[in-house]
Amino acid sequence: MKASPIDPKRIDLVLSRHPKGAQGSLVNVLHDLQAEFRYLPKEALAKAAEHLDVPAAHLYGVATFYESFHLKPRGDHVCTVCMGTACHVRGAPRLLEQAERDLEIPSGQTTKDMQFTLEHVNCVGACALGPLVIIDGKYHGNMSPDRLSRVLGKMGKRKGSK
Ligand code: FES
């Protein structure tokens, strides 16, 4: 299944909250667009560049500079495994492998049904909780592969399920 087509009216609505040509609001505009779509669709970036009167290449440059912006569609749920040093030594690689098995996608990808995005990051500054997995913004500390599998299963995703 592909990501839904982007309704231009939703883009216009977000942009209408920001004055035309307000180049100083560029990052806020990107945040608002991402809040609306969970990523930054190229149609939205093109309209935002026009609205703010900045070159599209500049807008892309900003969008790719910040790790918090995403240029690809994301799933309804986002599972992020911390692979920073402290989490790594406490077993993060096994967590990532478990999630990849359960979701049947490699890290950095989204399931075909757009239900889950799996990703990994380097240290999010909560090392005492490691190994750490963040699911839809909620921190799950001292995670084990079994527990992660159960959490993902409860959310409707286990190897073999559709
Ligand atoms: S290494 Fe995972 S939170 Fe710091």
Side-chain angles (χ1 to χ4, degrees), residues 1-7 10-11 13-15 17-18 25-45 48 59-162:
M1 193 188 299
K2 285 195 164 174
S4 319
I6 300 302
D7 180 354
R10 287 172 66 196
I11 302 173
L13 192 65
V14 172
L15 294 179
R17 291 187 225 129
H18 300 272
S25 305
L26 194 152
V27 172
N28 288 338
V29 169
L30 294 180
H31 272 298
D32 287 356
L33 286 169
Q34 183 158 289
E36 177 71 20
F37 298 104
R38 293 205 308 267
Y39 78 108
L40 296 172
K42 60 180 185 320
E43 303 89 324
L45 286 176
L59 206 63
Y60 268 95
V62 174
T64 50
F65 177 78
Y66 292 101
E67 272 188 18
S68 57
F69 291 128
H70 306 283
L71 297 175
K72 287 199 294 187
R74 310 185 92 212
D76 294 340
H77 302 292
V78 178
C79 175
T80 307
V81 179
C82 179
M83 293 289 277
T85 307
C87 289
H88 197 280
V89 298
R90 293 183 195 151
R94 289 195 305 124
L95 296 175
L96 191 59
E97 281 165 23
Q98 185 67 53
E100 288 181 333
R101 263 198 305 277
D102 284 358
L103 299 176
E104 300 180 87
I105 48 169
S107 179
Q109 299 288 313
T110 297
T111 54
K112 283 197 188 108
D113 61 7
M114 299 303 293
Q115 207 187 351
F116 279 89
T117 294
L118 176 62
E119 59 189 18
H120 65 275
V121 290
N122 289 320
C123 189
V124 294
C127 308
L129 299 176
L132 177 70
V133 177
I134 304 165
I135 300 176
D136 296 340
K138 185 174 173 208
Y139 283 35
H140 298 261
N142 295 311
M143 186 54 97
S144 69
D146 280 355
R147 190 153 67 88
L148 177 57
S149 202
R150 279 200 301 278
V151 173
L152 293 175
K154 273 190 196 154
M155 297 174 77
K157 198 69 189 179
R158 208 180 275 272
K159 190 171 174 7
S161 70
K162 296 277 179 216

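Bear in mind the structure is a predicted one, so any value in this text is a computation, not a measurement.
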Distance col, row D7:CG vs F37:CZ, nearest 0.5 angstrom, shows 7.5 Å
Side chains of F69 and V27, heavy atoms from C-beta outward: is any pair under 4.5 Å? yes
Check whether E100 reaches the backbone of S107 with its side chain - one donor and one acceptor, N or O, closer than 3.5 Å.
yes
Value for OG (S25) from CZ (R17), rounded to nearest 0.5 Å, stands at 12.5 Å
Original post:
Are the side chain of T117 and the backbone N or O of G75 linked by a donor-acceptor pair below 3.5 Å?
Top reply: yes
In terms of heavy-atom contacts, A92 and P131 come closest through N-CB, 4.3 Å
| field | Atom CZ of R74: over 12 foreign heavy atoms under 6.0 Å | value | yes
Note to self: Counting C-beta onward and ignoring hydrogens, is there a side-chain heavy-atom pair between V29 and L15 closer than 4.5 Å?
What the structure shows: yes
Looking only at heavy atoms, the pair that brings C87 and G130 closest together is SG-CA, 3.7 Å
Q. Do V133 and C79 pass the side chain to side chain contact (heavy atoms under 4.5 Å, CB included) test, and can you show the C-alpha distance, the side-chain angles, and the key distance before you say yes or no?
A. CA-CA 7 Å; V133 177; C79 175; 3.8 Å; yes
For the residue pair T111 and D113, confirm or rule out a side-chain donor-acceptor distance under 3.5 Å. yes
**Asked** If you draw a 6.0 Å radius around NE2 in H77, do more than 12 non-hydrogen atoms from other residues or ligands fall strictly inside?
**Response** yes
| said: Quick one: does any side-chain atom of S144 pair with a main-chain N or O of R147 as donor and acceptor, under 3.5 Å? | reply: yes
CG (D102) and CD (E97) are apart, to the nearest 0.5 Å, by 12.0 Å
Item checked: Within-4.5 Å side-chain heavy-atom neighbours: V14 and R10 -> no
Do T85 and C123 have side-chain heavy atoms sitting under 4.5 Å apart? no
Residues L95 and P145: closest non-hydrogen pair is CD2-N, 3.4 Å
Quick check: does any side chain N or O of R101 sit under 3.5 Å from a backbone N or O of S149, one acting as donor and the other as acceptor? no
Of all heavy-atom pairs linking L33 and A48, the shortest is CD1-CB, 3.9 Å
What one should report as the nearest heavy-atom pair of D76 and R38 is OD1-NH2, 3.0 Å
(Q) Evaluate E36 against L13 for side chain to side chain contact (heavy atoms under 4.5 Å, CB included), listing each step before the verdict. (A) CA-CA 10 Å; E36 177 71 20; L13 192 65; 6.0 Å; no
Of all heavy-atom pairs linking A99 and L118, the shortest is CB-CD1, 3.7 Å
Separation between NZ (K138) and OG1 (T80), nearest 0.5 Å, reads 14.5 Å
query = So, D32 versus H18: side-chain donor-acceptor pair below 3.5 Å or not?
reply = yes
dist R90:CZ -> C82:SG (nearest 0.5 Å) comes out at 10.0 Å
Does L30 reach the side chain of L45, with side-chain heavy atoms less than 4.5 Å apart?
yes
Y139 versus V124: any side-chain heavy-atom pair under 4.5 Å? yes
| said: Please check this pair: side chain of Q34 against backbone of H70, looking for a donor-acceptor N/O pair closer than 3.5 Å. | reply: yes
Rounded to the nearest 0.5 Å, the CD1 atom of I105 sits from the OG1 atom of T110 at a distance of 6.0 Å
